[in-house]
Amino acid sequence: MLYTEDLTPYEQAEEAQEPVYDLWCAVERLDEHQRTVVVLFYYEECTIREIAQVLEVSQGTVKSRLSRAREKLKQMLREEGDCSEQGVG
């Protein structure tokens, strides 16, 4: 039996069959720069400063990428597209 901690966010969402699944699908559809900062910030719980250091960009760049990613995620989730329709999953 696998514990929740052993599963990826995608697997957790799929197993729970909750709206989190749609969120993860939307995250996967972000461009690489936005997806990277979202994953590091929300899933890996890195600080803005840590992300900036790892990616070798300014903290302002990290903040703007996060802001743009949040807006894009809101837009995608409003569209209520199923992951299978988007070719994800």
Could you walk me through whether Gln34 and Val27 satisfy the side-chain contact (heavy atoms from CB on, under 4.5 Å) test, starting with their C-alpha distance in whole Å, then the side-chain angles of each, then the deciding distance to 0.1 Å, before giving a yes or no?
CA-CA 9 Å; Gln34 292 175 348; Val27 168; over 6 Å; no
Go through it in stages, so that I can follow the logic: the residues are His33 and Val37, the test is side-chain contact (heavy atoms from CB on, under 4.5 Å), and I'd like the CA-CA distance, side-chain angles, deciding distance and then a yes or no.
CA-CA 7 Å; His33 292 297; Val37 295; over 6 Å; no
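- The two residues Met76 and Ala26 make their nearest non-hydrogen contact at CE-O, 3.3 Å.
- In this structure Ser58 satisfies the side chain to side chain contact (heavy atoms under 4.5 Å, CB included) test together with Thr61, sequence neighbours excluded.
- Expressed to the nearest 0.5 Å, how far CG of Leu66 lies from CD1 of Ile48 amounts to 5.0 Å.
- The CG atom of Leu23 sits 6.0 Å away from the CG atom of Leu73 when rounded to the nearest 0.5 Å.
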Apply side-chain contact (heavy atoms from CB on, under 4.5 Å) to residues Thr47 and Phe41 and explain how you reach the verdict.
CA-CA 6 Å; Thr47 66; Phe41 188 77; over 6 Å; no
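- Note that the CG atom of Leu55 and the CG atom of Leu40 stand 6.0 Å from one another [nearest 0.5 Å].
- In terms of heavy-atom proximity, Ala69 sits nearest to Val38 at CB-CG2, 3.5 Å.
- Applying the salt bridge (charged side-chain N to carboxylate O under 4.0 Å, His left out) definition to pairs two or more places apart or across chains, those involving residues 44-72 are Glu71-Lys74.
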